[in-house]
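Okay, so here's the structure we're looking at.
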Number of protein chains: 2
Amino acid sequence: MPLDLVEVTNSDGEVRGTSAPGYDPAAYPPFGVTVDVVIVTLDAGELKVLLVRRGEQPFAGEWAVPGGFKQPTETLDDAARRELQEETGVDAEALLVQLGAYGDPGRDPRMNVVTVAYLAVLRELGDIVPGSDAADASLHPVADVIRGRVSLAFDHERIVRDAIERIRRDLETTGLATAFVGPTFTLSELRAVYEAIWQVELDGANFRRKLVGEDGWVVATGKRSAPASEGGKPPELFRVGSAWKSGAPIRRPRRSARGLR
Amino acid sequence: MPLDLVEVTNSDGEVRGTSAPGYDPAAYPPFGVTVDVVIVTLDAGELKVLLVRRGEQPFAGEWAVPGGFKQPTETLDDAARRELQEETGVDAEALLVQLGAYGDPGRDPRMNVVTVAYLAVLRELGDIVPGSDAADASLHPVADVIRGRVSLAFDHERIVRDAIERIRRDLETTGLATAFVGPTFTLSELRAVYEAIWQVELDGANFRRKLVGEDGWVVATGKRSAPASEGGKPPELFRVGSAWKSGAPIRRPRRSARGLR
DNA sequence: GCAACTATTAGTCCTGTCGACCAATACAGC
DNA sequence: GCTGTATTGGTCGACAGGACTAATAGTTGC
């Protein structure tokens with residue numbers, strides 16, 4: 001049943017829609033506005049997304065991107081930050097950008113809902129606590145979602161797909177890569193970010209040459225990390241420089257002979 | 001007055017919010033959802049934006065970006081296309097992309113409204129007909145808006161600012177530049193797009209060398225255009241090639257000595 | 001018809017960037 | 001101490017791109 005002839009009333013029963021002069025009440029049907037947050041992290045060299053198993057209708061029992069209704073007293077950004085906080089306990093140090101709005105008719109079978117999707121990139125997720133309305137919460141490889149091996153509620157499959165596309169693009173033009181690593185990191189760790197997301201192989205020597213230049217991409221801390229699993233020279237530890245704020249150091253290889261994998 | 005305790009009813013008086021099991025009615029306050037379209041074109045070598053003078057409350061008499069309420073039966077993209085059509089008569093051949101959602105509390109003094117902003121780039125606007133709810137409609141230099149010489153209703157100043165920023169960025173990575181020119185164009189026309197938006201000067205010879213290469217940036221039509229105002233050789237006419245679909249030919253000059261203006 | 005002018009088009013030089021590759025180094029584990 | 005591994009430093013060559021000069025092909029004005 002369509003919701004064309006809907007009026008908005010407040011708790012006093014006053015019809016707010018028609019009482020507002022100059023507005024045609026039929027012209028602004030009410031919508032629910034939700035905020036969904038695609039939480040992405042790098043886990044075991046693989047890009048993963050946090051999904052919750054819905055505990056309520058609609059789509060109860062299915063996997064979905066965490067989210068909730070926006071309150072009139074908060075901004076969209078605030079709502080996204082709140083959802084992220086509720087879901088992961090993480091507050092700051094998370095890159096949180098708006099992806100876009102999704103409002104196809106029927107995307108929520110119950111009512112008119114427009115959702116604003118956000119992308120959050122985290123270095124590491126602590127304990128994942130399912131929210132009050134979720135039965136479960138866990139990390140899933142994005143490859144499984146993109147290839148349809150995990151089907152999601154609503155239009156969340158499309159949202160995740162758009163999120164990954166956004167990540168791949170922003171990696172080339174913004175400082176997004178630094179959101180995947182900690183406050184200090186080795187060049188191998190940072191290089192692994194690019195390699196995992198772009199599915200390419202980058203030459204370690206060239207990577208270093210580009211980042212450890214006169215530009216302020218990375219700043220050496222003087223310390224060294226523990227060596228890798230199979231031994232090897234303990235690598236230098238860096239922290240992010242200021243140059244990331246206005247660009248990215250390396251571009252995505254286009255026609256790479258090596259970057260197959 | 002806050003709208004916290006609002007219920008949604010349909011024309012039968014049935015309260016739809018509380019009647020949906022599994023939802024907490026207080027959790028999804030109703031919002032109006034509007035779609036605003038930032039319509040941008042190049043006019044007399046200057047970037048301009050289409051603004052309408054509002055004929056109704058709120059902000060009656062002030063300039064604003066054209067827009068309107070989304071209907072539950074249409075997608076967001078459809079709503080944007082409809083608004084563009086209503087405002088300019090243009091349907092296709094317009095680049096129409098979503099900018100983002102804006103939902104700060106109080107952005108509409110009457111009610112909770114979340115707007116989804118779109119960007120439309122047109123080559124040329126025909127007759128501008130003010131919509132039914134607009135008192136006037138005309139093109140304004142974006143510089144006037146950005147520098148605050150024209151103040152806009154709602155948070156539309158921010159929306160326009162974001163739109164211009166998006167244009168500047170997308171010009172570097174997408175085929176956006178071709179949306180500003182017609183089906184056939186001279187290289188000077190195309191170059192003028194970059195120069196107007198980036199506020200730089202590009203060398204005509206280098207510009208040509210990059211675009212008329214083996215890559216399919218532009219395709220010669222064999223025809224020639226009428227010469228410029230003050231005489232000169234009639235330039236070649238080109239049409240867009242296929243390469244624009246997956247990138248842009250030139251990048252924004254960073255530290256240009258010539259690009260001052 | 002001719003000169004002056006303008007914008008387009010072609011060609012050259014040179015520098016910086018970047019990929020590919022090789023070699024040296026420094027440490028862990030045995 | 002030997003071996004293996006990952007980091008680090010260096011070289012070479014291809015290529016793209018900016019600055020610049022020059023030639024070309026038209027129009028406009030006289």
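Residue numbers start from 1 in every chain, and the chains themselves are labelled A, B, ... in the order their sequence lines are given, proteins ahead of strands.
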Value in whole Å for how far the C1' atom of D:dG18 lies from CH2 of B:W198 = 15 Å
Distance, rounded to the nearest Å, where A:L202 contributes CG and D:dT8 contributes P | 16 Å
Test item: B:Y118 side-chain N/O and B:D77 main-chain N/O as donor-acceptor pair under 3.5 Å | yes
A:I146 backbone acceptor or donor facing A:R161 side chain under 3.5 Å | yes
Integer-rounded Å distance: D:dG17 C1' and B:L211 CG | 13 Å
Using heavy atoms to find the nearest nucleotide of DNA chain C for B:A205 and A:R251 separately, return the residue whose nucleotide is more 5′.
-> B:A205
Nearest-Å distance, CG (A:L237) to P (D:dA6)?
-> 17 Å
Between D:dG17 (P) and B:W217 (CH2): distance, integer Å = 10 Å
Test salt bridge (Lys or Arg N to Asp or Glu O under 4.0 Å) applied to B:D43 - qualifying residues, sequence neighbours left out | B:K48
Against the side chain of A:E236, the closest entry in D:dT8, D:dC20, C:dC21 is D:dT8
Nucleotide of C:dC18, C:dA20, D:dG26 approaching A:K210 most closely (side-chain heavy atoms) = C:dC18
Start at the 5' end of DNA chain C and walk down; is the nucleotide closest to B:G204 or to A:P249 reached first?
-> B:G204
Which pairs, with at least one residue in residues 139-150 of chain B and sequence neighbours excluded, count as a salt bridge (charged side-chain N to carboxylate O under 4.0 Å, His left out)?
-> B:D144-B:R149
For A:R191, answer base if it contacts any base atom (sugar-phosphate contacts may also be present), sugar-phosphate if it contacts only those atoms, and nothing otherwise; contact means non-hydrogen atoms under 4.0 Å.
-> sugar-phosphate
Rounded to whole angstrom units, what separation is found between the CZ atom of B:R209 and the P atom of C:dC13?
-> 13 Å
Within this structure, what is the CG-to-C1' distance between B:N206 and C:dG11, rounded to whole angstrom?
-> 11 Å
Give the rounded distance in Å between these two atoms: CZ of A:R208 and P of C:dA24.
-> 18 Å
